[in-house]
Amino acid sequence: MKYKLLVLDVDGTLLDNSKEISKRTLAALVKVQQMGVRVVLASGRPTYGLMPLAKTLELGNYGGYILSYNGCQVINAKDGTLLFERRINPEMLPYLEKKARKNGFSMFTYNENILVTNDPDNAHIQYEAQLNNLEIVREDNFSIAVDFAPCKCMLVSDDEETLVGLEEHWKRRLAGTLDAFRSESHFLEVVPCGIDKANTLGALMEMLGVKSEEVIAIGDGVCDVTMIQMAGIGVAMGNAQESVKRCAEMVTASNEEDGVAIAVEKTILTDFRPENISLDHLNSQAQHALMGNLGILYTYVSEDRVEATMPVDYRTRQPFGILHGGATLALAETVAGLGSMVLCQPDEFVVGMQVSGSHISSAHEGDTVRAVATIVHKGRSSHVWNVDVFTSTNKLVSSIRVVNSVMKKR
């Protein structure tokens with residue numbers, strides 16, 4: 001593939017206003033991962049708050065990453081390995097707390113699944129905890145109670161003018177020590193010096209050997225500008241501020257209108273060709289699915305033909321030592337399903353509708369059967385495949401008809 005990394009902001013980008021991933025967006029992101037593009041969630045949220053989204057997107061199965069705290073951490077979604085981290089020196093906390101108290105600001109930080117704050121009744125803090133499924137712990141003596149090095153500290157106030165004033169003061173006063181910026185009108189974030197999404201993304205790209213022209217980055221906020229500018233294609237959401245849109249190469253629809261899915265379909269899925277498919281990649285990514293459990297391996301893919309093999313062993317045989325008919329049908333649905341995925345347009349997805357087969361002869365334990373799927377009917381709303389299953393000596397075992405329904409993403 002031309003692109004190797006797809007970097008997504010979360011709130012206002014990946015998620016709609018109900019904090020959900022739309023069906024169309026989910027289908028598009030799973031498909032690009034199946035094609036070999038790795039997805040990176042780049043967010044100001046804590047790592048703990050991003051884990052459920054990573055699971056929904058199956059990042060762990062497809063080699064994806066979590067870039068959390070606006071760049072303070074990078075996590076391998078497959079095994080939770082910490083690849084990159086920067087933290088605030090705890091000696092700075094008394095100074096930050098003093099300034100917060102002087103201005104009447106609330107304050108909080110994160111510690112795994114806990115949000116530590118001096119103001120648990122603050123509505124913005126309560127929403128932050130709810131959003132990330134965090135437990136709130138009250139600590140009136142904030143800088144004393146926080147006996148660990150936090151990734152970032154947050155100051156909270158509805159007095160935007162005073163918050164801006166402190167932001168400008170800290171940009172001069174803390175230069176070279178800490179960075180301060182507003183991520184929301186009511187949030188002033190304090191992070192280690194030099195930390196932002198672009199710098200941390202650059203560190204990840206260096207680890208992976210990925211070039212800027214192989215990256216697509218999508219976001220909606222001021223915190224996303226640097227990563228949008230460094231990517232090969234920087235995409236601004238339709239709901240982004242005008243200043244963000246001016247920094248982007250492309251502007252997509254809003255987060256309420258499947259903007260991420262539309263951008264992915266235009267930049268990645270429209271370039272998809274069967275000859276781009278890596279069989280090794282397909283087989284490795286499918287090991288977590290049913291076909292991996294049955295030992296199914298793809299061996300050939302084109303627009304009108306898909307082939308795969310499956311061993312006749314303890315996973316696929318009957319008690320009498322011959323190939324199980326149910327396993328044969330699963331093999332047929334697997335090859336026909338991939339064939340329909342190849343034929344689909346970027347704004348379409350496929351679901352199985354019907355399978356029926358005739359079992360003509362048997363295959364015995366120790367053999368390996370081969371499925372050959374050929375397209376019989378390619379309609380706008382359905383695909384019909386004929387799948388013949390042969391033994392290693394080319395004896396026909398089963399002849400199966402698979403019907404897939406082609407649906408538009410919504």
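The figures that follow rest on heavy atoms only: side chains count, while hydrogens, waters and symmetry mates do not.
- Between the side chains of S340 and W385, at least one donor-acceptor pair of N or O atoms lies under 3.5 Å.
- E214 contributes a side-chain N or O that, together with a main-chain N or O of K211, makes up a donor-acceptor pair within less than 3.5 Å.
- Legend: salt bridge (Lys or Arg N to Asp or Glu O under 4.0 Å) pairs involving residues 109-122, not counting sequence neighbours: none detected.
- By the ring-ring contact (aromatic ring centres under 6.0 Å, His included) test, Y65 is found to be paired with no residue, residues two or more places apart in sequence or in another chain being considered.
- Taking 4.0 Å as the cut-off between side-chain N and carboxylate O, E242 and K245 count as a salt-bridged pair.
- A heavy-atom distance below 4.5 Å is not found between the side chains of D179 and V190.
- Nearest heavy-atom pair, V225 versus C247, reported as atom, atom and distance to 0.1 Å: CG1-SG, 3.7 Å.
- Within the 4.5 Å cutoff, the side chain of M310 has heavy atoms near those of the T316 side chain.
- Between R24 and E265, at least one side-chain nitrogen of the basic residue sits less than 4.0 Å from a carboxylate oxygen of the acidic one, meeting the salt-bridge criterion.
- Distance CZ/R138 to CG/N118: 8.0 Å, rounded to 0.5 Å.
- When all heavy atoms are compared, the tightest approach of T252 to A263 is OG1-N, 3.7 Å.
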Side chain to side chain donor-acceptor pair (under 3.5 Å) assessment of N122 paired with Q126
CA-CA 6 Å; N122 184 284; Q126 290 180 346; over 6 Å; no
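- Rounded to the nearest 0.5 Å, atoms CG (D258) and NZ (K23) are 11.5 Å apart.
- The closest donor-acceptor contact from the side chain of D16 to the backbone of K19 lies under 3.5 Å.
- Counting only heavy atoms from C-beta outward, the side chains of L15 and E20 never approach each other to under 4.5 Å.
- Put simply, CZ on R317 and CG on D367 are 14.5 Å apart, with the number rounded to the nearest 0.5 Å.
- Of the possible donor and acceptor atoms, none in the side chain of E333 sits under 3.5 Å from a partner among the backbone N and O of A330.
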If you apply the rule side-chain contact (heavy atoms from CB on, under 4.5 Å), what do you find for I195 with N70, and how did you get there?
CA-CA 8 Å; I195 286 296; N70 272 327; 5.6 Å; no
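- Under the 3.5 Å distance criterion, the side-chain polar atoms of K55 are left unmatched by any main-chain donor or acceptor of G60.
- Taking each heavy atom of C344 and V406 in turn, the nearest pair found is SG-CG1, 4.2 Å.
- No donor-acceptor distance shorter than 3.5 angstrom exists from the side chain of S43 to the backbone of S68, with no hydrogens or angles considered.
- Between D159 and H186, the side chains place no donor N or O within less than 3.5 Å of an acceptor N or O (distance only, hydrogens not considered).
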Pair D304, K378 - check salt bridge (Lys or Arg N to Asp or Glu O under 4.0 Å), show working.
CA-CA 9 Å; D304 56 4; K378 180 187 175 184; over 6 Å; no
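- Side-chain contact check for Y110 and E128: at least one donor-acceptor pair (N or O, by modelled atom type) lies under 3.5 Å.
- Expressed to the nearest 0.5 Å, how far CD of E160 lies from OG of S185 amounts to 5.0 Å.
- Minimum interatomic distance between I88 and C153 (heavy atoms only, all atoms of both residues): CD1-N, 3.8 Å.
- T328 is not listed as a side-chain neighbour of V369, based on a closest heavy-atom distance of 4.5 Å or more.
- The minimum heavy-atom distance between E85 and C151, with the atom names listed, is OE2-SG, 4.4 Å.
- Annotation: salt bridge (Lys or Arg N to Asp or Glu O under 4.0 Å) contacts of E167 (sequence neighbours excluded): K171, R182.
- Taking every heavy atom of both residues into account, T109 and P150 meet most closely at OG1-CB, 3.2 Å.
- Residues passing the salt bridge (Lys or Arg N to Asp or Glu O under 4.0 Å) test with R315, sequence neighbours excluded: D313.
- Summarising the geometry, atom CD1 belonging to I218 is positioned 10.5 Å from atom CG belonging to D224; distances are rounded to the nearest 0.5 Å.
- The shortest side-chain heavy-atom distance between E135 and V137 falls under the 4.5 Å cut-off.
- There is no side-chain donor-acceptor pair under 3.5 Å between T13 and D11.
- Contact check for F181 versus D196: no side-chain heavy atoms found under the 4.5 Å cut-off.
- Q130 CD: 12 or fewer foreign heavy atoms inside a 6.0 Å radius.
- Comment: R370 does not engage D388 in a salt bridge, judged by the lack of any side-chain N to carboxylate O separation of less than 4.0 angstrom.
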Donor-acceptor contacts, no H, no angles, side chain residues 90-104, under 3.5 Å, sequence neighbours left out:
| residue | atom | partner | partner atom | Å |
| --- | --- | --- | --- | --- |
| Y95 | OH | W170 | NE1 | 3.2 |
| E97 | OE1 | S143 | N | 3.0 |
| E97 | OE1 | S143 | OG | 2.5 |
| E97 | OE2 | R101 | NE | 3.2 |
| E97 | OE2 | R101 | NH2 | 3.0 |
| E97 | OE2 | F142 | N | 3.1 |
| R101 | NH2 | D140 | O | 2.4 |
| N103 | ND2 | K99 | O | 2.8 |

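- Counting only distance, with no hydrogens or angles, the side chain of K152 and the backbone of G71 share no donor-acceptor pair below 3.5 Å.
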Please determine whether side-chain contact (heavy atoms from CB on, under 4.5 Å) holds for the pair F187 and H124, giving the CA-CA distance in whole Å, both sets of side-chain angles, and the decisive distance to 0.1 Å.
CA-CA 9 Å; F187 279 163; H124 298 305; 4.1 Å; yes
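- Between L201 and L67 the shortest side-chain heavy-atom distance falls below 4.5 Å.
- Evaluation of the side-chain contact (heavy atoms from CB on, under 4.5 Å) rule for N255 yields N17, M237, N239 as partners, not counting sequence neighbours.
- Taking CD1 of I66 as the start and CZ of R45 as the end, the distance is 11.5 Å to the nearest 0.5 Å.
- Between the side chains of T226 and Q229, no donor-acceptor pair of N or O atoms lies under 3.5 Å.
- In this structure the side chain of L82 reaches within 4.5 angstrom of the side chain of I75, judged on heavy atoms.
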